[in-house]
**Student:** 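One structure, pasted below without further comment.
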Protein chains: 2
Amino acid sequence: MSTQTVTTEGPRSKRALILRAAIESFGDDGFEHTKWASVADKVGIGQTALYHYFESKVHCLLTIMSSELERSATAFAAAVEGQATPTDELRAAVKAALDVGPREVLQARILQSHMDLLASPRQSEREEAERQHARELVRQVEHNWLDLVERGIASGDFAARDAFQTSHMMLAMILSVWRWYREGGALSNEDVREFTTEALLRLVRA
Amino acid sequence: MSTQTVTTEGPRSKRALILRAAIESFGDDGFEHTKWASVADKVGIGQTALYHYFESKVHCLLTIMSSELERSATAFAAAVEGQATPTDELRAAVKAALDVGPREVLQARILQSHMDLLASPRQSEREEAERQHARELVRQVEHNWLDLVERGIASGDFAARDAFQTSHMMLAMILSVWRWYREGGALSNEDVREFTTEALLRLVRA
DNA sequence: CCTTGAACTGAATCAGGTTTGGCTGTGGTA
DNA sequence: TACCACAGCCAAACCTGATTCAGTTCAAGG
């Protein structure tokens, strides 16, 4: 028995396929609107087989959210690494945040739409663990930006203003892009990055 | 028979009470997490009585969203009315958007969390009608801000930059407040309004 | 009184996520 | 070679919570 979800991926594992299918479905049709069974269909397995890999539909969602958070946290660190000034760091961080493929866009949208899920505790042990993990990563991402702002203020590159509000606002400005941005729309990814970077700099510059 | 929802409020109608209870529950615990029946309990009626007023749980949610959109659209119009310059208009609009009571904060949060619901069509007629209505109001609100930006650019008060991206970003900056703001927290409503207004002005000013 | 319709209800029904119990095939090992 | 453990899978039963059914109550108007 047991719905002991796998931690070490076996060679025949369909975990990655399920995640991929779930991201597409959740991203395109919305989480509550997609039937868990339809994800199974997409992968080509029975509905109950899903429970071999995830404890529940929500657990799968939390996993997707964590993975997106993980990506954006590490991308930030990598981008900022070795930049000369806070201004350059900011440019690099924005590029890292916005220069992503279509799957990451979907993940970002999914993450944003269900951020509130991280607020209240989960019944199940594994779900709760995943939630805690995601919360930690959120803190990490927020901390990354807060730190950047504070470095900028300390160095005099950025104006001395409430760093907390500033960093939250920056994050909101960046993430808001996914609300309206569509691949192949009037504005290219490059355009958006350029605009967003300048907007952020206008916001913080001394 | 029929679940013909009431359009003209009768004197014994509990519609307003239901909405009030639903806003509290959806706002505090989240829409998917609150049981429709518990809303009925809160009001003191049987679960099925809810269907006399709303076609479904989602229909109630859509109604709440519309009402919040309506409020913010008209508040914007009223605030901007009669201001001398686009800069003054912006100040007034931000004040109108952020100077709201606790119930409106909840409604704003509910609205944001379920914006994606407006994307895909609904099965039921009345739900779909309410969705269309809400979409129209969203367009209206976005249009309000876009217009403001364009007026500002035309008058030379604001710098000439992509008005579409600018207005979306402004909206995001304002709405992001509800993600972290809590009544009685370290920052007063006044503080936040002040900070946000200045941030927006820095963003658009020529 | 009698009728009408808003307001309401308890008892089904239904949909979808989840649990149960068991089957299959592969890789390691005695 | 025989066997074992366990990842991977499934059909059918189950449970929860939203929704529908088939009425009942009650206040106002004629």
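If you're wondering where the values come from, they're calculated on a predicted model, not measured in any experiment. All chains are named by letter (A, B, ...) in the order of the sequence lines, taking the proteins before the strands, and each is independently numbered beginning at 1.
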**Student:** So does Ser38(B) get a backbone contact from the side chain of Asp41(B), meaning a donor-acceptor N/O pair under 3.5 Å?
**Tutor:** no

**Student:** What integer distance in Å separates Lys14(B):NZ from dT9(C):C1'?
**Tutor:** 12 Å

**Student:** Using atom CZ of Arg126(B) as one end and atom P of dT20(D) as the other, report the distance to the nearest whole Å.
**Tutor:** 13 Å

**Student:** Return the polar atom pairs (N/O with N/O) between nucleotides 25-30 of chain D and the protein under 3.5 Å, or none.
**Tutor:**
none

**Student:** What is the distance, to the nearest angstrom, from the CG atom on Leu50(B) to the P atom on dG10(C)?
**Tutor:** 13 Å

**Student:** Is Glu142(B) salt-bridged to Arg139(B), going by a charged N under 4.0 Å from an acidic O?
**Tutor:** no

**Student:** Please give, in whole Å, the distance from dG17(C) P to His33(A) NE2?
**Tutor:** 11 Å

**Student:** Under 3.5 Å, side-chain donor or acceptor atoms of residues 25-33 of chain B against the rest of the protein: list the pairs with distances, not counting sequence neighbours.
**Tutor:**
residue, atom, partner, partner atom, Å
Ser25(B), OG, Ala21(B), O, 3.3
Ser25(B), OG, Lys42(B), NZ, 3.1
Glu32(B), OE2, His114(B), NE2, 3.0

**Student:** Between the protein and nucleotides 10-13 of chain D, list every N/O to N/O distance that falls short of 3.5 Å.
**Tutor:**
residue, atom, partner, partner atom, Å
dC10(D), OP2, Gly46(A), N, 2.3
dA11(D), N6, Thr48(A), OG1, 3.3

**Student:** Looking only at atom types and distance, does a side-chain atom of Lys95(B) sit under 3.5 Å from a main-chain N or O of Glu194(B), one as donor and one as acceptor?
**Tutor:** no

**Student:** Hey, does the side chain of His52(A) come within less than 4.0 Å of dG8(D)'s phosphate (OP1/OP2), counting only N and O?
**Tutor:** yes

**Student:** In whole angstrom, what separates Tyr53(B)'s OH from dT19(D)'s C1'?
**Tutor:** 18 Å

**Student:** Tell me whether Arg131(A) contacts the main-chain N or O of Leu118(A) through its side chain, where contact means a donor paired with an acceptor under 3.5 Å.
**Tutor:** yes

**Student:** Nucleotides 14-17 of chain D: which of its N/O atoms have a protein N/O under 3.5 Å away?
**Tutor:**
residue, atom, partner, partner atom, Å
dG17(D), OP1, Lys35(B), NZ, 3.0

**Student:** In whole angstrom, what separates Glu32(B)'s CD from dG16(C)'s P?
**Tutor:** 16 Å

**Student:** I'd like to know if Arg71(B) pairs up with Glu68(B) as an ion pair, taking the criterion as any Lys NZ or Arg NE/NH1/NH2 lying under 4.0 Å from an Asp or Glu carboxylate oxygen.
**Tutor:** yes

**Student:** List for me each residue that meets side-chain hydrogen bond (donor to acceptor under 3.5 Å, both in side chains) alongside Glu127(B), sequence neighbours excluded, and say none if there are none.
**Tutor:** Ser56(B), Arg122(B)

**Student:** Starting at atom CG of Asp29(A), determine the distance to atom P of dG16(C), rounded to an integer number of angstrom.
**Tutor:** 14 Å

**Student:** Using 4.0 Å as the upper bound for N to carboxylate O, is an ion pair formed by Arg91(A) and Glu198(A)?
**Tutor:** yes

**Student:** For dA7(C), does OP1 or OP2 lie under 4.0 Å from any side-chain N or O of Tyr51(B)?
**Tutor:** no

**Student:** For Trp178(B), is there any backbone N or O sitting under 3.5 Å from a side-chain donor or acceptor partner on Arg109(B)?
**Tutor:** yes

**Student:** I need the CZ-P distance between Phe54(A) and dT19(C), as an integer number of Å.
**Tutor:** 15 Å

**Student:** Is the side chain of Arg205(B) donor-acceptor paired with the backbone N or O of Phe158(B) at a distance under 3.5 Å, no angle test?
**Tutor:** no

**Student:** Considering residues at least two apart in sequence or located in another chain, which fulfil the side chain to side chain contact (heavy atoms under 4.5 Å, CB included) criterion with Ala159(B)?
**Tutor:** Arg161(B), Ala206(B)

